[in-house]
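Residue numbers begin at 1 in each chain, while the letters A, B, ... track the order of the sequences.
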Number of protein chains: 2
Amino acid sequence: MTIQSSTSERAILEAAEREFMSKGYDGAKTQSIAKTAGVTHAMLHYYFRTKENLFNQVFKEKTGIMMQSIISAFQDTKGSFIERLQKGIEAHFDFLAQNPDLPRFVINELISKPERAELLKERVKDVAGNIAGKLQKEMKELIAACEINDIKIIDLLLDIASLNLFVFIAFPIVKNFSGFFYKSDKEFLEARKKETTQIIINRLLNKQYAV
Amino acid sequence: MTIQSSTSERAILEAAEREFMSKGYDGAKTQSIAKTAGVTHAMLHYYFRTKENLFNQVFKEKTGIMMQSIISAFQDTKGSFIERLQKGIEAHFDFLAQNPDLPRFVINELISKPERAELLKERVKDVAGNIAGKLQKEMKELIAACEINDIKIIDLLLDIASLNLFVFIAFPIVKNFSGFFYKSDKEFLEARKKETTQIIINRLLNKQYAV
DNA sequence: GCTGTTATTAACAAGATTGTTAATTAAAGA
DNA sequence: TCTTTAATTAACAATCTTGTTAATAACAGC
């Protein structure tokens, strides 16, 4: 009947992950986490000492995954710029589909306690170095050669982020309406993925209208 | 030295608004709200009885404003479909610029307690009746006449919502990067507004690429 | 000025929540 | 086996949080 340390610790972490992700830091209660994990709540403090500590461990892991997903999505080097961009958007969307509450969690916690940005500074640098640098250079060349429309890299990335992330950030709400137009969540999300790539490529390749 | 009832009640509501909007329901504390309002915390319960009650009043008002802003933005009837759409997107963006933490607040509270959707059911019907109905009819005709590209109304609205809302939902984070490309927040937001209209119009008017 | 209503205060109560501690049990190594 | 370390438990403590209540003060109408 005895439970080994590593098992308890892991159980707590997993329960914490679910609780923090679904309720946020303030909404999560250590007692509830301990209960879900099947241990006394003293165990939680034994392993992690404070709620903040436990949270930070979860937060760090989640932001790490999120940053890594961006690098993975855009690291392919085969094909044209547009082809790679499309593949990247789709890969990132697929990642989000498997981690749908990640963006809302990270954004909320980052905003409610901005100091937490410290915990992912390194990862942000990774992404900036890995993606933004190369991307910017390539885009400048293509823009100069008139192969894609003029656009600042931050605007392109924000367009993609907005379109890819928003559906998931607001999914429980959006879901109420998608049912009128799509048979299933899956079909709806597939359509969103396609729509996002479509709209981004149109932005880059078609002639621009004065706005 | 005496403070009149209506003054206290209003002070509490205003303090509650700020506290709930910035910290969310769980993060907000009635004592803190009372302190900010400059009244004893018994006063808060005297006027609003429960935290939930006070919250609902704030929430109802905020969602009302949010829904109304959508109706106002898209109610103009002059000009072509594209012109009205562009004006609507810009008006909605301008509204958000003046209420930047509204979307995150509403989305979060709606998701953490889905029952709250009840509080805005009527307003949603207003918007659906006011916007979606007319829009859908008009779009179908334009699509049939090949004047705009084929797109489901929900996808168009989601594109607009994503692009318009995301910047504000994640503003405190995005802000850290916009500084490299834009001189001021204002300039950055102006660029985002333009970018959003640009990308939407391109989506509707330009030829589509196979994706 | 008297009366009834409304506003305000201070004190308290119940329960939740985070965290600690001392004692107990299990595990591991010599 | 004995000893040391790690894991676990139950009980407690401090603080926070929401909410109540009884007493007091302000006010409005008569």
Side-chain angles (χ1 to χ4, degrees), chain A residues 1-62 105 108-109 112-113 115-116 119, chain B residues 1-62 105 108-109 112-113 115-116 119:
Chain A
M1 262 302 278
T2 329
I3 300 166
Q4 278 184 333
S5 109
S6 60
T7 309
S8 290
E9 193 173 350
R10 167 155 306 207
I12 293 167
L13 259 174
E14 277 166 14
E17 198 174 301
R18 265 185 293 171
E19 177 113 355
F20 281 130
M21 295 270 284
S22 62
K23 303 183 187 173
Y25 183 85
D26 290 320
K29 305 296 155 183
T30 55
Q31 300 217 48
S32 164
I33 293 171
K35 197 179 167 188
T36 305
V39 302
T40 66
H41 97 280
M43 285 297 291
L44 185 148
H45 291 287
Y46 173 71
Y47 280 112
F48 299 94
R49 221 174 65 261
T50 65
K51 180 184 180 183
E52 183 86 20
N53 234 291
L54 177 56
F55 175 84
N56 284 346
Q57 224 154 115
V58 171
F59 187 70
K60 228 167 162 176
E61 202 214 315
K62 289 294 168 186
F105 171 69
N108 280 335
E109 300 305 332
S112 68
K113 278 210 179 148
E115 322 72 283
R116 284 173 184 150
L119 297 169
Chain B
M1 263 303 277
T2 328
I3 299 167
Q4 277 184 331
S5 109
S6 60
T7 308
S8 289
E9 192 173 352
R10 166 155 306 206
I12 293 167
L13 259 175
E14 277 167 13
E17 199 175 298
R18 264 184 293 171
E19 176 114 356
F20 282 129
M21 295 269 285
S22 62
K23 303 185 186 171
Y25 183 85
D26 290 321
K29 306 295 155 183
T30 54
Q31 299 218 49
S32 164
I33 293 171
K35 197 179 167 189
T36 305
V39 302
T40 66
H41 97 281
M43 284 297 290
L44 185 149
H45 291 287
Y46 172 71
Y47 280 111
F48 299 95
R49 221 175 62 261
T50 65
K51 180 183 179 183
E52 184 87 21
N53 235 290
L54 178 56
F55 175 84
N56 284 347
Q57 225 153 113
V58 172
F59 187 69
K60 229 167 161 175
E61 203 215 314
K62 289 295 168 185
F105 171 69
N108 280 335
E109 300 305 332
S112 67
K113 277 209 180 150
E115 319 77 281
R116 285 174 183 150
L119 297 169

_At a heavy-atom distance below 4.0 Å, what parts of residues 16-37 of chain A sit against DNA chain C?_
A:A28, A:K29, A:T30, A:Q31

_Please enumerate all residues that pass salt bridge (charged side-chain N to carboxylate O under 4.0 Å, His left out) together with B:E52, with sequence neighbours excluded._
B:K113

*By salt bridge (charged side-chain N to carboxylate O under 4.0 Å, His left out), which residues pair with A:K60, not counting sequence neighbours?*
none

Write down the distance between [atom1] ([X]) and [atom2] ([N]), rounded to a whole number of angstrom.
| X | N | atom1 | atom2 | answer |
| --- | --- | --- | --- | --- |
| B:E52 | D:dT17 | CD | P | 17 Å |
| A:R49 | C:dT20 | CZ | C1' | 12 Å |
| B:Y46 | D:dA23 | OH | P | 17 Å |
| B:E9 | C:dT8 | CD | C1' | 14 Å |
| B:L44 | D:dC16 | CG | P | 19 Å |

_Residues forming a side chain to side chain donor-acceptor pair (under 3.5 Å) with B:E109, sequence neighbours excluded_ = B:R116

*Excluding sequence neighbours, so at least two apart, what forms side chain to side chain contact (heavy atoms under 4.5 Å, CB included) with B:E61?*
B:E17, B:I65

*Residues two or more places apart in sequence or in another chain: which of them pass side chain to side chain contact (heavy atoms under 4.5 Å, CB included) with A:A15?*
A:I33, A:T36, A:A37

Under 3.5 Å, N/O pairs linking protein and nucleotides 10-13 of chain C:
none

Looking only at the side chain of [X] (C-beta and beyond, no hydrogens), which of the listed nucleotides [options] gets closest?
| X | options | result |
| --- | --- | --- |
| B:S8 | C:dT8, C:dT20, D:dG19 | C:dT8 |
| B:M43 | C:dT8, D:dA7, D:dG19 | C:dT8 |
| A:H45 | D:dG19, C:dT8, C:dT20 | C:dT20 |

_Selection residues 32-51 of chain B - residue pairs positive for salt bridge (Lys or Arg N to Asp or Glu O under 4.0 Å), sequence neighbours left out_ = none

*Quick one: salt bridge (Lys or Arg N to Asp or Glu O under 4.0 Å) pairs with a partner in residues 19-29 of chain A, sequence neighbours left out?*
A:E19-A:K23

_Does D:dA6 have OP1 or OP2 under 4.0 Å away from a side-chain N or O of A:Y47?_
no

*Would you call the rings of A:H45 and A:H41 parallel, tilted or perpendicular if under 30° counts as parallel and over 60° as perpendicular?*
perpendicular

*asked:* Measuring from atom CG of A:L13 to atom CZ of A:F48, what distance do you get when rounded to the nearest 0.5 angstrom?
replied: 3.5 Å

